[in-house]
Amino acid sequence: MRLLRLTTAGESHGPALTAILEGLPAGVPLLAAHIDQELARRQLGYGRGRRMQIESDRVTFLGGVRAGETLGGPVAMQVPNRDWANWQAIMDPAPRADDDTEGRRRQVTRVRPGHADLTGALKYDRTDARDILERASARETTARVAAGAVCRQLLAHVGISVGSHLVHLGGIDAAPPDPLPDELNAAADRSPLRTLDPHAEAAMIARIDAAKREGNTLGGICEVVVRGLPVGLGSHVSWDRRLDGRLGQAMLSIPAVKGVEIGLGFECARRTGAEVHDEIAAAPGRTRAGHVARHSNRAGGTEGGMTTGEPLVIRVAMKPIATLMRPLGTVDLATGDAASAAAERSDVTAVPAMGVIAEAMAALVVADALLEKCGGDSLVEVQRNLDGYLAALDTRQAARDAGRPDA
Ligand code: EPS
């Protein structure tokens with residue numbers, strides 16, 4: 001990420017989550033409602049625990065926004081944790097009188113396999129894994145979704161939309177409609193699992209209920225789709241400018257995400273070239289795709305690390321949540337003895353929420369790539385630069401047509 005910089009701060013049971021997003025142009029229309037709508041989508045999903053009933057995430061702008069528009073400076077946002085009221089003594093930033101004698105309550109030493117508890121405690125030299133898990137918690141993604149919602153406003157202004165749907169949960173595949181609905185999120189958000197296959201949805205809900213009874217957790221896969229992109233965001237020229245790589249990094253940074261595929265992804269390796277690559281045909285008038293069309297989109301919207309102008313299609317795989325109510329075996333950090341892992345309140349699955357978070361990360365990466373190609377200090381300037389680029393694609397097409405003997 002070069003032009004847009006996102007920093008988040010905050011612990012799961014601390015006072016608030018904070019996001020600072022720097023590098024936006026001035027003049028992006030932005031209301032708290034735009035952010036709150038995305039925060040609410042992230043809180044939904046069948047299989048979540050009691051925490052989501054406590055929270056009702058709402059943003060406060062602390063900087064960078066005035067009269068409903070960005071000012072060009074860093075946008076600072078805060079989302080309070082309502083649960084903080086119940087955790088003040090445990091999470092108090094100041095030392096407390098009994099810290100040395102009794103220690104703080106809710107210490108975690110029976111480190112959970114699959115969580116950051118053990119690796120973080122060793123690396124940061126902490127005796128209480130709460131010092132690690134509070135920040136490693138996926139609560140942090142609230143701040144990312146807030147930042148992603150800001151990027152969405154920029155993207156929407158230039159005709160780019162970001163949506164997602166759930167395609168797999170706990171061993172059950174969904175069979176989504178082909179083509180996908182135009183209003184992808186409106187359709188997916190109607191489902192408690194954000195899936196477009198009602199039969200699979202029923203089976204997934206039964207699977208979640210069974211996992212809950214067993215004290216177990218479930219993972220799954222969401223597909224993010226970005227539409228309206230112009231050809232040529234990202235670049236082939238250097239490893240760190242390739243859009244595929246930047247999307248991969250962004251997606252793999254989401255807690256519990258273990259795999260990312262663009263287009264056919266791993267399936268490419270099993271097929272021949274003729275079965276993988278998308279044939280190209282002239283399509284005058286499709287300016288954003290450079291006046292061509294691909295009959296298929298197995299590439300998932302990128303070639304050579306750049307957008308093709310076809311939809312970006314990214315699948316993101318999440319492992320089951322590491323906090324099991326029927327805990328796995330571990331070692332107690334304090335004693336070194338064999339123990340059962342800590343079983344804090346948690347979710348059975350958060351895959352539907354992960355889809356919303358993956359949308360936010362996609363919006364961040366794509367907005368950054370858009371600003372690289374068409375950046376400016378104001379939204380009007382960004383639009384003018386994009387229009388200039390699109391006009392150049394039209395001129396190039398017209399020049400070629402004019403040079404053809406049959407034109
Ligand atoms: C999480 C554990 C649960 C989740 C939390 C992530 O929180 P708690 O420990 O308070 O019950 O609900 O997710 C969120 C709070 C959120 O906003 O998504 C964890 O350990 O990662």
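Ligands are counted one by one from 1 in listed order, and the atoms in each one are counted from 1 as well.
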Take atom NZ of K319 as the centre, draw a 6.0 Å sphere, and report whether it contains more than 12 heavy atoms from other residues, nucleotides or ligands. yes
In the protein, which heavy atom is nearest to atom 1 (C) of ligand 1, and how far is it? S137 OG, 3.6 Å
So, 4.0 Å and heavy atoms of A138: is ligand 1 close enough to count as a contact? yes
Structural part of M52 in contact with ligand 1, heavy atom criterion under 4.0 angstrom: side chain
Minimal heavy-atom distance between R51 and R139, with the atoms involved, is NH2-NE, 3.4 Å
Pick one of side chain, backbone, both or neither for how Q43 approaches ligand 1, counting any non-hydrogen atom pair under 4.0 Å. neither
Would you mind listing which atoms of ligand 1 come within a distance below 4.0 Å of any non-hydrogen atom of H115? 20 (O)
Side-chain contact, heavy-atom cut-off 4.5 Å: L247 with I262? yes
Can a donor-acceptor pair be found between the side chains of S164 and E359 at a distance below 3.5 Å? yes
Show your reasoning for whether side chain to side chain donor-acceptor pair (under 3.5 Å) applies to S340 and R110. CA-CA 7 Å; S340 286; R110 292 176 292 117; 5.8 Å; no
Return a yes/no value for R112: is any of its N or O atoms, backbone included, closer than 3.5 angstrom to an N or O of ligand 1? no
for atom 13 (O) of ligand 1, nearest protein heavy atom and its distance come out as R48 NH2, 3.5 Å
Please say whether more than 12 non-hydrogen atoms of neighbouring residues, nucleotides or ligands are located less than 6.0 Å from CD in Q88. yes
For ligand 1, the portion of R139 having any non-hydrogen atom under 4.0 Å away: both
Atom 2 (C) of ligand 1: the protein heavy-atom neighbour that sits closest, reported with distance to 0.1 Å: S346 OG, 4.0 Å
Just which atoms of ligand 1 are under 4.0 Å from any heavy atom in R345? 8 (P), 9 (O), 10 (O), 11 (O)
Counting C-beta onward and ignoring hydrogens, is there a side-chain heavy-atom pair between I160 and R288 closer than 4.5 Å? yes
Donor-acceptor pair, distance only, cut-off 3.5 Å: does the side chain of T307 make one with the backbone of G309? no
Report the C-alpha distance between R207 and T349 in whole Å, list the side-chain angles of each, state the deciding distance to 0.1 Å, and finish with yes or no for side chain to side chain donor-acceptor pair (under 3.5 Å). CA-CA 11 Å; R207 184 80 190 83; T349 190; over 6 Å; no
What atoms of ligand 1 come closer than 4.0 angstrom to any heavy atom of D347? 4 (C), 12 (O)
Given R51, Q53, R50, which has its nearest heavy atom closest to atom 12 (O) of ligand 1? R51
Any carboxylate oxygen within less than 4.0 angstrom of a Lys/Arg side-chain nitrogen, looking at D83 and R50? no
Proximal ligand 1 atoms for R42, defined as those under 4.0 Å from one of its heavy atoms: 16 (C), 17 (O), 18 (O)
Would you check the N or O atoms of T141, main chain and side chain alike, for any that come under 3.5 Å of an N or O of ligand 1? no
Counting each atom of ligand 1 from 1 as listed, which ones have a heavy atom of H13 under 4.0 Å away? 8 (P), 9 (O), 10 (O)
